[in-house]
Amino acid sequence: MAAFTLAHLSDPHLAPPPHPRLLELAGKRVLGYINWTRNRYKYHRRDVLDVLVSDLQTQMPDQIAVTGDLVNFAMEAEFPLALDWLRTVGPPDHVTAIPGNHDAYVRRTRLRFAQSFADYFGGDADAGQAASFPSLRQRGPLALISLSSAVPTAPFMATGRIGPEQLAALERLLTALSTEPLFRVLLVHHPLRSTNRMKRLTDAADLIALLKRHGVELVLHGHDHIHSTIWIDGPERKIPVVGVPSASSIAHGHYPAAAYNLFAIAREGNHWRCEMTVRGINDALRMREIRQLRLF
């Protein structure tokens, strides 16, 4: 059978953000805005993001996954702009987007992602009712399972949490899928392992234990803004957990330039084949292939 292709990008941090109103610059937002105006604006660029998305679209993937941090401070004015951008990436039946910590930056607008982007993460069974997490979308041989680890946090913190309700629902969902011949892809913003206590997924151990019992074929995440592949235990084999750099970033410090991953997935007898191509931007703002590898 022909390979089904899934593209993965993350953390576009759409720039430039709208100018905040004075009342919006309170609490955590004021610290984030100061950080943006002093540092982050230099690294997150719309022209970089546009080059990356244009290149991605020339690859004509069957599906696209965007794993969070579409906005920067979760101001009201950011969400319509982010939705307009997401529509340029593709329609809701072709693109699945989940929230990151910046999309739930403060309590006041913590629900705005779900309200604005429901069409882009709502599950196949959600017709006529409010979309929620976890959600399930079947696209070709893929079961795209979306989680939300996006929660408001204190200043200087960027942790995530899935919570017992989502985890229980995920366990039920994976149990129901266990007899289906589907390639299960789990989407979550935060990485499953982190050495930074300020940026970690606080209930990662619970999620890893659940995946060890029930398994998926692939986990995709963002948040770290780096190339990352780790392997965790599944019920039958190791599960690859893959992260990507920010889709709008130039290289700086230990952070690489913007990149995305393209997965070619096909069934071979009783097994799956999954090959990953990494494409990234160079100093001349041109996209090139960085590497190819077979995950299994």
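Keep in mind that this is a model prediction, so the values were computed, not measured.
Residue D283 qualifies as open at atom CG: its count of foreign heavy atoms under 6.0 Å is 12 or below. Counting non-hydrogen atoms of neighbouring residues, nucleotides and ligands closer than 6.0 angstrom, the CZ atom of R108 reaches no more than 12 such neighbours. Surrounding CZ of R107 are at most 12 heavy atoms belonging to other residues, nucleotides or ligands under 6.0 Å away. The number of heavy-atom neighbours closer than 6.0 Å to NZ of K28, taken from other residues, nucleotides and ligands shown, is above 12. The local environment of CZ in R294 is crowded, with over 12 non-hydrogen atoms from other residues, nucleotides or ligands closer than 6.0 Å. Under a cut-off of 6.0 angstrom, the local environment of CD in E289 is crowded, with over 12 non-hydrogen atoms contributed by other residues, nucleotides or ligands. Surrounding CD of E165 are at most 12 heavy atoms belonging to other residues, nucleotides or ligands under 6.0 Å away.
To the nearest 0.5 Å, atom CG of residue L295 and atom CD1 of residue I239 are 12.5 Å apart.
For D69 (side chain) and N101 (main-chain N/O), a donor-acceptor pair under 3.5 Å exists by modelled atom type. Here the side chain of N282 pairs a donor or acceptor atom with the backbone of A284 at under 3.5 angstrom. Side-chain atoms of T153 do not come within 3.5 Å of backbone N or O of T159 as any donor-acceptor pair.
Ring geometry for H102 versus Y105: interplanar angle under 30°, hence parallel rather than tilted (30 to 60°). Between H189 and H223, the ring-plane angle classifies as perpendicular under the 30° and 60° cut-offs. Under the 30°/60° scheme for interplanar angles, the aromatic rings of H44 and H225 are found to stand perpendicular.
Each of L186, L187, L201 was compared with L147 under the side-chain contact (heavy atoms from CB on, under 4.5 Å) criterion, and only L186 meets it.
Scored by the salt bridge (charged side-chain N to carboxylate O under 4.0 Å, His left out) test, R46 finds D50 as partners (sequence neighbours excluded).
Ionic pairing of R288 and D55 is not present here: no N-O contact between side-chain nitrogen and carboxylate oxygen is shorter than 4.0 angstrom. Ion pairing of R29 with E78 is absent here, as no side-chain N (NZ or NE/NH1/NH2) approaches a carboxylate O to less than 4.0 Å.
For the pair T67 and H221, the tightest heavy-atom approach, listed with the atom from each and the gap, is OG1-C, 3.5 Å.
Applying the ring pair (Phe, Tyr, Trp, His ring centres under 6.0 Å) rule to pairs touching residues 230-250 yields nothing, sequence neighbours excluded.
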